[in-house]
Amino acid sequence: MSKLLVKPQPADERGRVLNITPASAGWRYVGFEVYHLAAGQQLDCQYEHEEVCLVWLSGKAEVEAGGQALGELGQRMSLFEQTPPYALYLPPGTPVRLQASTALELAVCKAPAQQGMPLRLITPAQVPVMVRGQGSNLRHIHNILMGEHPAESLLITEVYTPAGHWSSYPPHKHDTDNLPAESYLEETYYHRLNPAQGFAFQRVYTDDRSLDETLSVEDGQVVLVPRGYHPVGAPHGYDLYYLNVMAGPSRQWQFHNDPAHAWMLTR
């Protein structure tokens, strides 16, 4: 199996099904976890040297963070309702306790940080919603923790790609620390499909083809993008969701399009 493809595991005693760390990914910045909690199940977390953003993928939970009772958070009961999520930003060392009031799918997005930013709840109304592309390249974007919301390093967005469409396309990369032209950002893609028995394709490749892999991705799997271009295709009949987590030495999303395919942006 490709080292770029990470499959979920049976839930451990805490409900965790995915656990990607910089060490396991072979890079420096991005960490990513997914938890599946049953109603009534409790989760306690504290990350000493990382800023964290919790993203409610689906379901609801009572939350206490940094000594504050935040009440019940969560709204959408399915990812494919296509409404923006709740998210909770936590600076390093902030304890958080959740008790699921329904079945809960929770993403934990992490990156190293010195101080981070103040604890902040991001409500669905605060998540910018946009449409990008046209024709079979059209997709729907929810910018959960992009430039509109401050953080030390983390950048987070979620994308809905309709069946038969392409996404992260034309192919682009952000693997060179060369601002203002391009930034270095590691990235994870957490893929979900509707219906769940579907699959998608993602290619990760560099100009010199020293990295060139095309991955068949199933529901609940993660693709690691350490470098290179990384387009995604959703086959006919299967809508694709993915959650992107990015981080690097500078919190700027400056990308470079593959010159061989950039022509289509001028049409």
(request) Report yes or no: does T102 contribute a side-chain atom to a donor-acceptor pair with the main-chain N or O of K60 at less than 3.5 Å? (result) yes
(request) State plainly whether one hydrophobic cluster holds both L57 and Y160, where clusters connect Ile, Leu, Val, Met, Phe, Trp and Tyr through side-chain heavy atoms under 4.5 angstrom apart. (result) yes
(message) If the threshold is 4.0 Å, N to carboxylate O, is there a salt bridge linking E105 and R192?
(response) yes
(request) Please tell me if the side chains of V127 and P124 come closer than 4.5 Å, counting only heavy atoms from C-beta onward. (result) no
(message) Please determine whether a side-chain nitrogen of the Lys or Arg among D175 and K173 lies less than 4.0 Å from a carboxylate oxygen of the Asp or Glu.
(response) yes
(message) Has D12 got a side-chain atom pairing as donor or acceptor with R14's backbone, closer than 3.5 angstrom?
(response) yes
(request) Answer yes or no: are there more than 12 heavy-atom neighbours, outside R28 itself, under 6.0 Å from its atom CZ? (result) no
(request) Would you please indicate yes or no on a ring centroid separation below 6.0 angstrom for H172 and F255? (result) yes
(request) Please check if any side-chain donor atom of H142 sits under 3.5 Å from a side-chain acceptor atom of E158, or the reverse. (result) yes
(message) Would the distance check show the side chain of H165 and the main-chain N or O of L138 forming a donor-acceptor pair, the cut-off being under 3.5 Å?
(response) yes
(request) Determine whether V245 and Y86 fall in the same hydrophobic cluster, where Ile, Leu, Val, Met, Phe, Trp and Tyr are linked whenever their side-chain heavy atoms lie under 4.5 Å apart. (result) no
(request) Decide whether L155 and V223 are clustered together by the hydrophobic rule: side chain heavy atoms of Ile, Leu, Val, Met, Phe, Trp, Tyr closer than 4.5 Å, transitively. (result) no
(request) Taking only Lys NZ, Arg NE, NH1 and NH2, and the carboxylate oxygens of Asp or Glu, determine whether E186 and R227 approach each other closer than 4.0 Å. (result) no
(request) Determine whether L54 and V96 make a side-chain contact, defined as any pair of heavy atoms from C-beta on separated by less than 4.5 Å. (result) yes
(request) Any chance you could measure T214, atom OG1, to D212, atom CG, to the nearest 0.5 Å? (result) 6.0 Å
(request) List the steps and the verdict of side-chain contact (heavy atoms from CB on, under 4.5 Å) for Q9 and V17. (result) CA-CA 5 Å; Q9 302 298 314; V17 297; 5.8 Å; no
(message) Test your reading of the model: is there a side-chain donor-acceptor pair from T83 to the backbone of R76, 3.5 Å cut-off?
(response) no
(message) Would you say V232 ends up clustered with Y238 if hydrophobic residues are merged whenever their side chains have heavy atoms under 4.5 Å apart, either directly or through other cluster members?
(response) yes
(message) Looking only at the side chains, is there a donor atom on one of N178 and T176 sitting less than 3.5 Å from an acceptor on the other?
(response) no
(request) Specify the closest pair of heavy atoms between I156 and M146, including all atoms of both residues, with the distance to one decimal. (result) O-CG, 3.5 Å
(message) Any non-hydrogen side-chain atom of P170 less than 4.5 Å from a side-chain atom of W263?
(response) no
(request) Using only heavy-atom distances, determine whether the side chains of N244 and T157 contain a donor-acceptor pair under 3.5 Å. (result) no
(message) I want to check something: taking the side chain as every heavy atom from C-beta on, are T161 and S168 in contact at a cut-off of under 4.5 Å?
(response) no
(message) I'd like to know if the side chain of D219 reaches the main chain of L193, judged simply by a donor and an acceptor atom lying under 3.5 Å from each other, with no hydrogens or angles considered.
(response) yes
(message) Between R209 and D207 (side chain of the first, backbone of the second, donor and acceptor by atom type, cut-off under 3.5 Å), is there such a pair?
(response) yes
(request) Evaluate the criterion side-chain hydrogen bond (donor to acceptor under 3.5 Å, both in side chains) for residue pair Q252 and S183; output intermediate values, then yes/no. (result) CA-CA 6 Å; Q252 296 186 56; S183 54; over 6 Å; no
(request) Decide yes or no for E64 and L70: does some side-chain heavy atom of the first lie under 4.5 Å from some side-chain heavy atom of the second? (result) no
(request) Please name the pair of heavy atoms, one in L90 and one in T94, separated by the smallest distance, quoted to 0.1 Å. (result) CD2-CG2, 4.0 Å
(request) For E81 and M77, indicate whether the former's side chain and the latter's backbone hold a donor-acceptor pair under 3.5 Å. (result) yes
(request) Return the orientation label for the Y229 and H256 ring planes: parallel under 30°, perpendicular over 60°, tilted otherwise. (result) tilted
(message) So for atom CD, which belongs to Q197, do other residues, nucleotides or ligands contribute more than 12 heavy atoms lying within a distance under 6.0 Å?
(response) yes
(message) I need the full list of side chain to side chain donor-acceptor pair (under 3.5 Å) pairs touching residues 43-57, with sequence neighbours left out, sorted by first then second residue.
(response) E33-Y47, Q42-D44, D44-R97, Q46-E48, E51-Y89
(message) Give me the atom names and distance for the closest heavy-atom approach of A25 to I20.
(response) CB-CG2, 4.1 Å
(request) State, with a plain yes or no, whether a side-chain heavy atom of K110 is found less than 4.5 Å away from one of V30. (result) no
(message) Do F80 and I144 land in one hydrophobic cluster if side-chain heavy atoms of ILVMFWY residues count as linked below 4.5 Å?
(response) yes
(message) Determine whether L4 and L215 satisfy the following criterion, side-chain contact (heavy atoms from CB on, under 4.5 Å), listing intermediate values before the conclusion.
(response) CA-CA 8 Å; L4 301 183; L215 307 166; 4.1 Å; yes
(request) Would you mind reporting whether P150 and R120 have side-chain heavy atoms less than 4.5 Å apart? (result) yes
(message) For Q126 and H149, which I'm curious about, is there any donor-acceptor pair between the side chains at under 3.5 Å?
(response) no
(message) Run the ring pair (Phe, Tyr, Trp, His ring centres under 6.0 Å) test on Y190 and Y242 for me, step by step, so that the C-alpha distance in whole Å, both residues' side-chain angles and the decisive distance to 0.1 Å come before the verdict.
(response) CA-CA 5 Å; Y190 175 58; Y242 56 78; over 10 Å; no
(request) Answer with yes or no whether the side chains of H174 and E187 bring together a donor and an acceptor at under 3.5 Å. (result) yes
(message) side-chain contact (heavy atoms from CB on, under 4.5 Å) for L106 and V55? Distances and angles first, verdict last.
(response) CA-CA 6 Å; L106 182 77; V55 179; 6.0 Å; no
(request) Keeping the roles fixed (side chain from Q221, backbone from E218), state whether a donor-acceptor pair exists under 3.5 Å. (result) yes
(request) Heavy atoms only: give me the nearest V204-L224 pair and the separation to one decimal. (result) CG2-O, 4.4 Å
(request) Would you check if M246 and W253 make a side-chain contact, meaning some heavy-atom pair closer than 4.5 Å? (result) yes
(request) Test side-chain contact (heavy atoms from CB on, under 4.5 Å) on H230 and Q202 and set out the steps. (result) CA-CA 7 Å; H230 40 278; Q202 184 159 17; 3.7 Å; yes
(message) Rounded to the nearest 0.5 Å, what separates atom OH in Y241 from atom OG in S78?
(response) 11.0 Å
(request) Using modelled atom types only, decide if a donor and an acceptor are shared between the side chain of N194 and the backbone of D239 within a distance under 3.5 Å. (result) no
(message) Under a 3.5 Å distance rule, please check whether S153 uses its side chain to pair with a backbone N or O of A111 as donor and acceptor.
(response) no
(request) Would you please classify the geometry between the F199 ring and the F201 ring as parallel, tilted or perpendicular, with 30° and 60° separating the classes? (result) perpendicular
(request) Give a yes-or-no answer on whether the side chains of S101 and E62 include a donor-acceptor pair shorter than 3.5 Å. (result) no
(request) First locate atom SG of C109, then atom CG of L243, and finally report the distance between them rounded to the nearest 0.5 Å. (result) 5.0 Å
(request) Quick one: closest heavy-atom pair of N137 and S167, and the distance? (result) OD1-N, 4.3 Å
(message) For a quick test of reading the model, state the closest non-hydrogen atom pair linking G248 to L185 and the distance between them.
(response) N-CD2, 3.7 Å
